[in-house]
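Bear in mind the structure is a predicted one, so any value in this text is a computation, not a measurement. The residues of the chain are indexed from 1 along the displayed sequence.
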Amino acid sequence: MLRGRIRRGRGAYVAADDDPLDAAQERRVRAVLALGGVPQADLPDGVQQVRLRLLERAASGREAPRDVSAWAAVVASNLAMDWHRAKRRQERLGERLAALRQTQAPSGEETSVLSLAVARGLDRLPDAQRQVVVLRFYADLPVRSIAEQLGVPEGTVKSRLHSAVRALRARLHEDEVV
């Protein structure tokens, strides 16, 4: 257990061998991630995330968990859930964007220039704003559906849309596209 290998030094942990997880704990974390549906190729990253969270906890000055093995298993379980959420979100967004690409045909050089400028502007938006813009204007979802799908209030979606559109408009004027 980690607790036995740690000594306190100036308010932070100091691990004897610099690895916060022993071999048994690492195997347990891998098993929890694998049983949680994380692909084999992503297991090393998941184990590293658990290590990182334990090290961040130590660096923030909080004391070691009573049972590091149990704590690591819970963190691994949460990581597996996060992995699935992110995967589902990406799949839904990819499907919507693919459907949009099939229905829209390019209509000239001006449209291409504008599309490139909008794409660059979208890349510069924060993730939450980009997500609502894509869902509202590209996937043509109403605000209510976006709020339900994202699990946020409608007002939050409206606020993000307003901020994102304002930033995109400013960007297009700045680039003299519009």
When every non-hydrogen atom of Ala167 is compared with those of Leu125, the smallest separation belongs to CB-CD2, 3.8 Å

- Does the side-chain contact (heavy atoms from CB on, under 4.5 Å) test come out yes or no for Arg53 and Leu79, once each step is laid out? CA-CA 11 Å; Arg53 299 226 177 133; Leu79 286 171; 3.3 Å; yes

What's the verdict on side-chain contact (heavy atoms from CB on, under 4.5 Å) for Val47 and Arg30, showing C-alpha distance, side-chain angles and the deciding distance? CA-CA 7 Å; Val47 172; Arg30 281 180 174 278; 3.5 Å; yes

### Message
Tell me whether Ser163 contacts the main-chain N or O of Arg160 through its side chain, where contact means a donor paired with an acceptor under 3.5 Å.
### Response
no

For Leu21 and Arg51 the tightest heavy-atom approach is CD1-CG, 3.8 Å

When every non-hydrogen atom of Ala76 is compared with those of Val32, the smallest separation belongs to CB-CG1, 3.8 Å

Of all heavy-atom pairs linking Ser69 and Arg28, the shortest is OG-NH1, 2.8 Å

Between Asp42 and Trp83, the two heavy atoms sitting closest are OD2-NE1, 3.1 Å

Correct closest heavy-atom pair for Asp82 and Arg85 would be OD1-NH1, 3.0 Å

query = So Gln131 and Arg89, side-chain contact (heavy atoms from CB on, under 4.5 Å) or not? Walk me through it.
reply = CA-CA 10 Å; Gln131 184 178 34; Arg89 217 176 6 253; 3.3 Å; yes

CG (Leu161) and OG1 (Thr156) are apart, to the nearest 0.5 Å, by 11.0 Å

task: Just do the side-chain contact (heavy atoms from CB on, under 4.5 Å) check on Gln149 and Leu135 with the steps written out, would you?
output: CA-CA 10 Å; Gln149 292 298 316; Leu135 293 175; 5.7 Å; no

